[in-house]
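The next block holds one structure in the form of structure tokens; read it before the comments.
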Amino acid sequence: MTEMNENPLDLLPEVLLAASAVLGLLLGSWLPRARQWAVGMLAVVACVAGIVAASVAATEPATTAFGEAFAVDTVTGASRIVVLGGTILVLGVSFRPLRGDPRESEFYVLVQLAALGALMMAGTQDLLLFAAAYLLASIPAYTLAGFRKDGPGTEAALKFYVVGALLGVLLLAGVTVLYAAGRATLYPMLGDALRDAPEPLVAVGAVGLLAGVLFKAGGVPGHFWVPDAVQGSIAPVAALLTTLPKIGALAALFRVGDDVFAGSSLPWPALIALLAAASMTLGNLGAFFQQDVKRLLAYSTISQVGYLLLPVAVVDRSDLAQQAFLYYLAAYTVTNLGAFAVVCALPQAHTLDDYRGLAKDRPLLAASLVVCLLGLVGTPPTAVFLGKLQAFSAVFDGGYAWLAVLAAVNTVASLFYYLRWIVPAVSRGASPGLAEEDRTARVVAYAATVVSVGLGLAGGPVLDALAGPMSL
């Protein structure tokens, strides 16, 4: 029997977040309604402590915990910092709209549990642990989508849940088939076993696994829920749904591609490349003529999954893949949350025309919006520019030049619908949608914008830090 490494300190960021969620649930049962914000502040403290713990762990050699089921390496460390940092931003834009809500503390607890699921997905090296983390990330998200309990929120939660239940079953079926093919759940052992497994069985298992992961990431073909769920949810939840689950799901897919399918007979790189091409293209096409800002950002996030899948497709073909993937993941997260923070700061502005005159009325907020939207395109000196450059370089290096060309064409095309939002924001005029403002969300928007630009300017050292080894 193999001795297991069961040191809980290896999972300190996850333990801190779980403890904060449990303690917050208890505190919410006793605190008066006017002081429920304390649960949110506890969550912020837990996230900050988790970032510190993850940063310290990142300086140590790569290792595994709990019988090699969880990896503590560069991918896990970077994902931890991005998820926890993104959770802080989501909590920041939630304080004002949730203040005094009868279920305010429950909201903060659900956000932490969804983030915890993303953390576990990013670090798992075992199919069973991955399935459990997938469910942990999904169930709180279903509840958050319908948190408002109105018509749009109920519709969003229902569509989200129905699609999630279907594709979640396919994921569990894929996990079962892969276990049947390889007689193992640990990624390193499974990867070795699948080299000699029947190809049809491996293909069926991989398709099932991909169906669930792409649902969680919001990529084609599991993207159908994204526009309706994002539009129907309250803005802070929409910000969460388009970022935090993606981090965990795509990090898990990156690890699976490297550890499990790298040496199999399955054409894994070609399959991921086709999914990347479909996601970026269909996402852009869907965003072109949207008027609702949340729906536009929903289609934008589908296209961004395509770009994030570029380095995933060449994980075993290019030495640039890991740096490109992790850097782009961080760049997209902070830039997308910055755009959503602007949406949260103007709760009465729902359509593109509602932002008319923003530059004159609130110039700094307009500047944040312009920087974040152009950042999502990939305009220097924002972080997404360097992230896309690294991703394009990785797919070129991995032998998929056609995919890099298609990604460049889609990048240019995406400028059209972002400009449709920017033009009214910098035009003259006044919109009643600008009358109300959330000052806390405005500060979050400023902070995210600064981090996006700062991450772009400090790209060299950050990329060097992301070049560490993965744990096997």
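Being a predicted model, the structure only gives us computed values, none of them experimental. Along the sequence shown, residues are numbered consecutively beginning with 1.
Checked by atom type and distance alone, the side chain of R103 pairs as donor or acceptor with a backbone atom of F147 at under 3.5 Å. At distances below 3.5 Å, not a single donor-acceptor pair connects side-chain atoms of S452 with backbone N or O atoms of A448. No donor-acceptor pair under 3.5 Å is formed between the side chain of D397 and the backbone N or O of S393. One N or O on the side chain of R148 and one on the backbone of G232 form a donor-acceptor pair closer than 3.5 Å. T124 places no side-chain N or O within donor-acceptor distance of the main-chain N or O of M121, the cut-off being under 3.5 Å. For T382 (side chain) and G378 (main-chain N/O), no donor-acceptor pair under 3.5 Å exists by modelled atom type. Panel note: side chain T379, backbone G375; no donor-acceptor pair is recorded below 3.5 Å.
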Check your understanding: Please walk me through it: do Y307 and N410 pass side-chain hydrogen bond (donor to acceptor under 3.5 Å, both in side chains)?
Key -> CA-CA 10 Å; Y307 303 122; N410 272 285; 5.0 Å; no
Practice item. Dump the intermediate steps for side-chain hydrogen bond (donor to acceptor under 3.5 Å, both in side chains) on Q36 and S105, then the final yes or no. Key: CA-CA 6 Å; Q36 297 285 310; S105 61; 2.8 Å; yes
Practice item. Evaluate the side chain to side chain contact (heavy atoms under 4.5 Å, CB included) criterion for residues L210 and L253: first the C-alpha distance (whole Å), next the side-chain angles of each, then the deciding distance (0.1 Å), finally the verdict. Key: CA-CA 8 Å; L210 272 174; L253 191 61; 3.7 Å; yes
Exercise for review: Please step through side chain to side chain contact (heavy atoms under 4.5 Å, CB included) for the pair V377 and L373, ending with a clear verdict.
Suggested key: CA-CA 7 Å; V377 177; L373 293 181; over 6 Å; no
Review point. Under the side chain to side chain contact (heavy atoms under 4.5 Å, CB included) criterion, do F340 and V230 qualify, and how do the steps go?
Key: CA-CA 11 Å; F340 266 104; V230 169; 4.1 Å; yes
Practice item. Take R255 and T76 through the side-chain hydrogen bond (donor to acceptor under 3.5 Å, both in side chains) test and state the conclusion after the steps. Key: CA-CA 10 Å; R255 195 181 297 278; T76 303; 2.9 Å; yes
**Study point:** Candidate pair Y108 and E104, rule side-chain hydrogen bond (donor to acceptor under 3.5 Å, both in side chains), full reasoning
**Key:** CA-CA 7 Å; Y108 301 137; E104 182 179 0; 2.8 Å; yes
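Aromatic ring centres of W37 and F95 lie farther apart than the 6.0 Å criterion allows. Between F215 and F160, a ring centre-to-centre spacing shorter than 6.0 Å is recorded.
To the nearest 0.5 angstrom, L17 atom CG is 7.5 Å from L113 atom CG. Atom CE of residue M120 and atom CG of residue L11 lie 5.5 Å apart, to the nearest 0.5 angstrom. The structure places OG of S279 at 8.0 Å from CD1 of I302, a figure rounded to the nearest 0.5 Å.
Atom CG of D319 sits in a sparse spot, with 12 or fewer heavy atoms from other residues, nucleotides or ligands closer than 6.0 Å. Few gaps surround OH on Y142; more than 12 heavy atoms of other groups in view lie less than 6.0 Å from it.
Applying the side chain to side chain donor-acceptor pair (under 3.5 Å) test to E155 and every residue at least two apart in sequence or in another chain returns K159. Among residues two or more places apart in sequence or in another chain, the side chain to side chain contact (heavy atoms under 4.5 Å, CB included) test is passed with A273 by A313, Y400, W402, L403.
Of the residues V412, T411, L419, the one that meets the side-chain contact (heavy atoms from CB on, under 4.5 Å) test with L415 is L419.
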Would you list the atom pairs, donor with acceptor, under 3.5 Å between side chains in residues 242-252 and any protein atom, with sequence neighbours excluded?
from	atom 1	to	atom 2	distance (Å)
T242	OG1	A238	O	3.0
T242	OG1	A239	O	3.2
T242	OG1	N336	ND2	3.1
T243	OG1	A239	O	2.7
T243	OG1	L240	O	3.4
K246	NZ	A217	O	2.5
K246	NZ	T301	OG1	3.3

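Taking the charged nitrogens against the carboxylate oxygens, R295 and D228 do have a contact shorter than 4.0 Å, which makes a salt bridge.
Contact of the F325 side chain with the Q390 side chain is not registered, since no non-hydrogen atoms from C-beta on lie closer than 4.5 Å.
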